Amino acid sequence: MEILGVDIGGTGIKGAIVDTDKGELVSERKRIETPHPATPAAVAATLKQLVDEFHWEGVIGCGFPATIHHGVAHSAANIDKTWIETPVEELFTETTKCKTYVLNDADAAGICEMKFGAGKNQKGVVMMLTIGTGIGSAVFIDGHLHPNTELGHLFLNTKDDKFKIAEHYCSERVRVEKDLSWSKFGAKFNKYLQRLEFLFNPDLFILGGGASKNFAKFSPEFKLHTNIVEAKTLNLAGIIGAAVYAAQKSKPARSTGK
Ligand code: BGC
């Protein structure tokens, strides 16, 4: 099935037409700057512009950096606070005139990695983390997604009983802003991973998002007993995974034969 996959981020709105069976792009990838302030109306108008550039009239799958429950946003950590309680699916479907399915951006990236990347055929508990402005998480149990986990918001005891939200401690944004060396960043991220390992005992960690292309530079700091690998689909994961999700949602329900 061909679906327009879109990844909405704090700096850019990216999209491409995806063959959801092969997990490949069948068009070029286009990107438009995220408007500022990134209010619901402004982002929806930019999405419409992207859809028009593709002359697209079919189904859209869209990753969004918030928890999305039944099409409605319930959080807004790194986006405009007016998104909270916005019916995102309805807003995007009405603005673009194309049926749009929306899911959390890390869940979208995880769906792609599980189907086409490092998580392919993996059983047990797989935890994908996307390291960018924030930290996103996607948790799979025997290949099934437990949607809307927000493990980037876990409190970590970082120093002297001072607690910090994980994404304020070891995201890509923190690394860049504090100009951390890769080894320092790796040590911080290790602390976070050790906490996740203790709480969830996953079988595999997959690291995606902006920082993951430098996996080899910071992973030597990891002291874990859980397997850990970098994502294979890198910056296309969000687009491809969103399209795959929309393909699953838009398939007609199977008849029971009765
Ligand atoms: C948000 C998540 C999102 C992640 C990555 C976090 O701040 O709370 O919903 O998946 O950033 O964009």
Side-chain angles (χ1 to χ4, degrees), residues 5-15 31 33-34 36-38 40 43 46-47 61-89 91-92 101-114 119 126-140 145-156 163-177 185 188-189 192-193 195-196 200 205-213 230-231 233-242 244-245:
V6 178
D7 187 9
I8 297 191
T11 54
I13 298 181
K14 295 146 273 175
R31 180 185 188 278
E33 293 286 306
T34 305
H36 286 289
V43 171
T46 308
L47 174 64
C62 180
F64 193 81
T67 49
I68 303 289
H69 210 222
H70 302 297
V72 178
H74 286 289
S75 68
N78 291 306
I79 53 171
D80 198 273
K81 301 298 170 220
T82 53
W83 281 99
I84 295 178
E85 304 309 325
T86 297
V88 189
E89 258 182 18
L91 172 70
F92 288 172
Y101 295 95
V102 182
L103 78 166
N104 173 261
D105 57 354
D107 284 348
I111 288 173
C112 177
E113 270 302 303
M114 292 302 287
V126 178
M127 193 170 271
M128 161 113 179
L129 300 166
T130 61
I131 319 168
T133 308
I135 296 179
S137 60
V139 177
F140 295 83
L145 173 68
H146 174 132
N148 289 311
T149 55
E150 283 284 351
L151 299 177
H153 293 267
L154 199 76
F155 277 101
L156 292 178
F163 287 84
K164 257 196 176 170
I165 293 174
E167 70 174 21
H168 296 168
Y169 177 67
C170 57
S171 63
E172 172 70 351
R173 170 155 72 190
V174 170
R175 185 190 67 78
V176 172
E177 279 178 5
F185 175 72
K188 285 179 137 211
F189 210 83
Y192 175 47
L193 290 168
R195 191 68 193 143
L196 290 172
F200 295 95
F205 283 119
I206 304 175
L207 298 191
S212 66
K213 55 181 180 293
E230 77 234 71
T233 47
L234 294 175
N235 66 342
L236 295 178
I239 294 174
I240 296 173
V244 169
Y245 173 77

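Just so you know, ligand 1 is whichever comes first in the structure, and atom 1 is the first atom listed for that ligand. All values derive from a computational prediction rather than experimental measurement.
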Phe200/Thr149 under side-chain contact (heavy atoms from CB on, under 4.5 Å): CA gap, chis, key distance, verdict:
CA-CA 12 Å; Phe200 295 95; Thr149 55; over 6 Å; no
Would you mind checking which non-hydrogen protein atom is closest to atom 6 (C) of ligand 1, with the distance to 0.1 Å?
Glu167 OE1, 3.3 Å
Look only at interatomic distance and state if His153 has a nitrogen or oxygen under 3.5 Å from any nitrogen or oxygen of ligand 1.
yes
Taking atom 1 (C) of ligand 1 as the reference point, the nearest protein heavy atom with its distance:
Glu150 OE1, 3.5 Å
Describe, in one word, how the ring planes of Phe185 and Phe189 are oriented to each other, choosing from parallel (under 30°), tilted (30 to 60°) and perpendicular (over 60°).
tilted
Over all heavy atoms of both residues, which pair between Asp80 and Pro37 is shortest? Give the atoms and the distance, please.
OD2-CB, 4.1 Å
So is Ala66 close enough to ligand 1, meaning a heavy atom under 4.0 angstrom away?
yes
Ligand 1-proximal atoms of Ile135, by part, heavy-atom distance under 4.0 Å
backbone
Interatomic distance, OG1@Thr233 vs CE@Met114, rounded to 0.5 Å, equals 12.0 Å
Regarding ligand 1, does Thr130 bring an N or O atom to under 3.5 Å of one of the ligand's N or O atoms?
no
For ligand 1, the portion of Pro65 having any non-hydrogen atom under 4.0 Å away
both
Going by an N to O cut-off under 4.0 Å, is there a salt bridge joining Glu177 and Arg175?
no
Would you say Asn78 has any N or O atom under 3.5 Å from an N or O of ligand 1, going by distance alone?
yes
Just need the protein heavy atom nearest to atom 10 (O) of ligand 1, so name the residue and atom and give the distance.
Asp105 OD1, 2.6 Å
Would you say the side chains of Glu230 and Ser212 form a donor-acceptor pair under 3.5 Å?
no
